[in-house]
Structure formats: structure tokens, C-alpha cells
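In what follows, chains carry the letters A, B, and so on, assigned in the order in which the sequence lines appear, proteins first and then strands, with residues in each chain numbered from 1. Note that this is a predicted model, so its numbers are computed, not measured.
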Amino acid sequence: MPELPEVETTCQGIAPHLVGNSITTVEIRNGNLRWPVSDEVYQLKNIALGKSLPPAAGNRAEPDTCVFRRAKYIIIPLPKSQHLLIHLGMSGSLRITAQEEELKKHDHVIFNLSSGLQMRYHDPRRFGSVLWTDQDLEDHRLLAKLGPEPLQDGFSTEYFIAKSKEKTKAIKLHIMDNHTVVGVGNIYACEALFLSGISPKLAAEKVSRPRLAKLHKNIRTVLQRSIDQGGTTLKDFIQSDGQPGYFKQQLNVYGREGEPCLTCESKIKRIVLGQRSTFYCPKCQK
DNA sequence: AAAACTACCTGAGTGC
DNA sequence: TGCACTCAGGTAGTTT
């Protein structure tokens with residue numbers, strides 16, 4: 001289940017195979033993803049890709065970059081201000097393979113590359129998307145209303161505190177809301193709240209300023225650490241070169257219902273917030 | 001306006 | 001062994 005670090009890892013993994021190459025043809029085996037694969041994707045032929053690699057933190061558009069990331073969208077610039085927007089949803093992955101490698105059941109979109117290799121979009125649950133647009137990205141319906149990137153300056157302590165103080169909903173739902181900040185999925189939300197000693201169900205506006213500042217710092221820490229480690233893998237994330245991305249970092253609470261808290265040995269509790277499992281230590285998190 | 005809830009999907013796991 | 005069932009989760013879109 002790709003979280004932001006997995007998306008970042010994917011961008012870094014596919015970039016060397018895209019840079020300076022072109023998409024010769026696209027083969028769509030199942031275009032029925034979250035949204036139908038854009039008609040324009042079917043027509044792509046001999047399309048040049050960017051000539052420079054993305055910066056280490058790939059969530060910035062540099063001139064002629066072959067791929068970058070915004071939130072969990074993988075964005076591949078094409079000529080004439082066109083872009084591919086690829087989202088991995090819950091179970092998606094992009095892999096670089098040889099043409100002759102046997103297709104898997106859920107390889108839905110095949111990009112043939114001028115290098116002779118292929119980039120394959122694989123997604124068992126089909127929650128992801130492969131879209132084409134010629135709109136300015138900042139106007140695109142899926143990107144226009146996104147909050148700041150968690151690891152960039154726009155996500156400042158002051159911004160986060162001000163935004164939180166006007167919200168009545170549970171703090172966990174607040175930090176998972178893309179309008180607040182992008183890229184904080186269920187796992188990292190649980191972990192950041194644990195590190196901050198904040199109960200996930202506490203109303204955002206009720207969290208004190210110092211504790212919000214601490215949470216802000218921990219959101220960044222947890223994401224950055226995971227990116228550094230190449231992405232947490234729980235189930236089906238495959239790195240783009242095909243190696244399973246097993247970098248499971250130490251998770252303090254996620255998936256540990258009934259097990260002892262690593263700090264105080266109380267039993268980790270599981271509740272449901274916003275229809276999602278939420279794990280926390282009832283003693284350490286108030 | 002904001003919060004709460006739904007739909008989308010398949011594979012893994014459980015219980016009978 | 002097989003069938004029925006539940007659960008997992010990102011997030012746009014809908015309802016309250």
C-alpha cells in the first residue's frame with residue numbers, strides 16, 4: 001500500500017529508465033481503473049520524455065525533468081505541456097521490465113520505451129489511475145486543492161497550528177486530510193501521533209500549540225525517515241526494478257493491537273476513526 | 001462550510 | 001476442500 005515514501009521511491013526508481021528516452025507505444029490491457037485510462041493515453045506514439053533526472057526530493061518540477069511527484073501523484077511531463085498523472089492507489093506499482101518478461105495478471109498498462117524496456121503499471125485492486133492532461137497542473141481538478149507538501153517550506157509550523165486551531169474533527173483525520181497536508185496516510189498518521197503523545201481522537205482545535213508543533217515535527221520526521229529507508233512495505237509494494245521493497249521500519253503502534261507499547265507496556269488499542277483502523281497507546285497518548 | 005460517510009476493488013485471512 | 005464472509009485502505013465525490 002503505497003504511502004508517500006513508496007511513491008517517492010518509485011519516482012526515483014523509474015527515472016533512470018525514462019530520462020532521455022521516449023514512449024514508443026502504449027498497450028492497455030485493462031483501462032478500467034479508478035477512472036478510465038484517458039483516451040489520449042491509448043494514442044501515445046513516439047513521445048519524448050524529459051532529459052533530466054528529478055532532484056533527490058522529487059516533489060518539484062524542474063525544467064525538463066522526466067518525472068516528479070505531487071502528493072502521491074507521479075507526474076511524467078510530455079512535450080507541449082502535456083502530462084501523465086499516475087496514482088498508485090492502494091495496490092499499484094510501476095515496474096521496469098524486459099519486453100519478454102511474462103505479463104502478470106494485473107499488469108494493466110504497458111509503456112513501451114525506446115530503450116527496449118517496458119514500464120508496467122500493475123494494480124490488483126485498480127484503485128489507482130493513469131490519466132493524461134494538457135491543463136496547467138495547478139488548475140487540474142485532482143491537484144488544484146491539495147495542501148502543502150509535508151517536507152517543503154509551505155508546511156510550516158505556524159501554518160499547521162493555525163489550520164488545526166480552526167478544525168473540530170479528530171486530529172488524526174485532520175492530518176490525513178489532503179487539504180491540510182498531503183502524503184500522510186494511515187500508517188504514518190498513527191505513528192506520528194504516537195511519537196507526539198497525542199490521542200488520535202482528540203479534536204484538532206483542542207490540541208495545544210506546543211503539542212501541535214511537536215506533531216508537525218514528527219510528521220516530517222516519520223516521513224523523511226521512511227523515505228530515507230526506501231519506503232515501508234507491508235504487502236504488495238514492489239520497487240520499480242522488481243525487488244520487493246522490504247524496508248519495514250520499526251512501527252510503534254500500527255498493526256500492533258493487543259501488543260505491549262514499546263514505551264510503557266500497556267496494550268496497544270485499535271479503534272475506528274473515519275472508517276479506518278487506528279492504533280494508539282491509551283496511556284502514552286492523551 | 002465543514003464534517004461524515006460512501007464507493008471503488010481484489011487477495012488474504014477466518015470460520016464453518 | 002470449498003464456500004461465505006470480513007477486512008485492508010487512498011481519496012474524490014456525495015450526503016448530512
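Taking side-chain N and O atoms only, A/His87 has no distance below 4.0 Å to OP1 or OP2 of C/dG10. OP1 and OP2 of C/dA12 both lie 4.0 Å or more from every side-chain N or O belonging to A/Lys145. OP1 or OP2 of C/dA8 sits under 4.0 Å from a side-chain N or O of A/Ser277. Taking only side-chain nitrogens and oxygens, A/Arg125 never comes nearer than 4.0 Å to OP1 or OP2 of C/dA8. Residue A/Tyr188 has no polar side-chain atom (N or O) positioned under 4.0 Å from OP1 or OP2 of C/dG10. Listed pair A/Gln275 / B/dA4 fails the phosphate criterion, with no side-chain N or O lying under 4.0 Å from OP1 or OP2. Side-chain nitrogen and oxygen atoms of A/Lys72 include at least one within less than 4.0 Å of the OP1 or OP2 phosphate oxygen of C/dT11.
Centre separation under 5.5 Å together with a plane angle under 30° holds for the ring of A/Phe127 and the six-membered base ring of B/dC8, marking them as stacked.
Residues A/Tyr280 and A/Leu251 fall into different hydrophobic clusters, defined by Ile, Leu, Val, Met, Phe, Trp and Tyr side chains chained together at heavy-atom separations under 4.5 Å.
For A/Thr25, the side-chain hydrogen bond (donor to acceptor under 3.5 Å, both in side chains) partners two or more places apart in sequence, or in a different chain, are A/Asn112. Qualifying ring-ring contact (aromatic ring centres under 6.0 Å, His included) partners for A/Phe155, counting only residues two or more places apart in sequence or in other chains: A/Phe160, A/His216.
We find that CG of A/Asp123 is positioned 13 Å from P of C/dT11, with the value rounded to whole Å. Rounded to an integer number of Å, the gap from A/Trp35 CH2 to C/dG13 C1' is 9 Å. Atom CG in A/Asp177 sits roughly 15 Å away from atom P in B/dA1 (whole-Å rounding). Atoms NZ (A/Lys105) and P (B/dC9) sit 14 Å apart, rounded to a whole Å. Between the CZ atom of A/Phe279 and the P atom of C/dC7 there is a distance of 12 Å, rounded to whole Å. With rounding to whole Å, A/Lys169 atom NZ is found 10 Å from B/dA2 atom P. Remark: P of B/dA2 and NZ of A/Lys167 are 5 Å apart, rounded to the nearest angstrom. Going from atom CG of A/Leu131 over to atom P of C/dA12 covers 11 Å, rounded to whole Å.
Between the side chains of A/Lys45 and A/Thr24, not a single donor N or O lies within less than 3.5 Å of an accepting N or O.
Of the candidate nucleotides B/dC9, C/dG10, C/dA12, B/dC9 has the atom lying nearest to any side-chain atom of A/Asn32. The listed nucleotides are C/dA12, C/dG10, B/dG11; the one nearest the side chain of A/Pro124 is B/dG11. Distances from the side chain of A/Glu3 to the nucleotides C/dA12, B/dA2, C/dG10 place C/dG10 closest.
Of the possible donor and acceptor atoms, one in the side chain of A/Glu149 sits under 3.5 Å from a partner among the backbone N and O of A/Ala71. A donor-acceptor pair under 3.5 Å is absent between the side-chain atoms of A/Tyr159 and the main chain of A/Asp153, judged by distance alone.
In terms of position on DNA chain B, the residue among A/Arg276 and A/His106 whose nearest nucleotide sits closer to the 5' end is A/Arg276.
Direction of the helix axis in the helix from B/dA2-C/dT16 to B/dC16-C/dG2 shifts by 50° between the two five-pair termini, rounded to 10°.
To the nearest 0.5 angstrom, A/Leu49 atom CG is 9.5 Å from A/Ile14 atom CD1.
Residue contacts shown for A/Arg34 include a base, since a base heavy atom lies under 4.0 Å away.
Looking at heavy atoms from C-beta onward, A/Cys281 lies out of side-chain contact with A/Lys269 at the 4.5 angstrom threshold.
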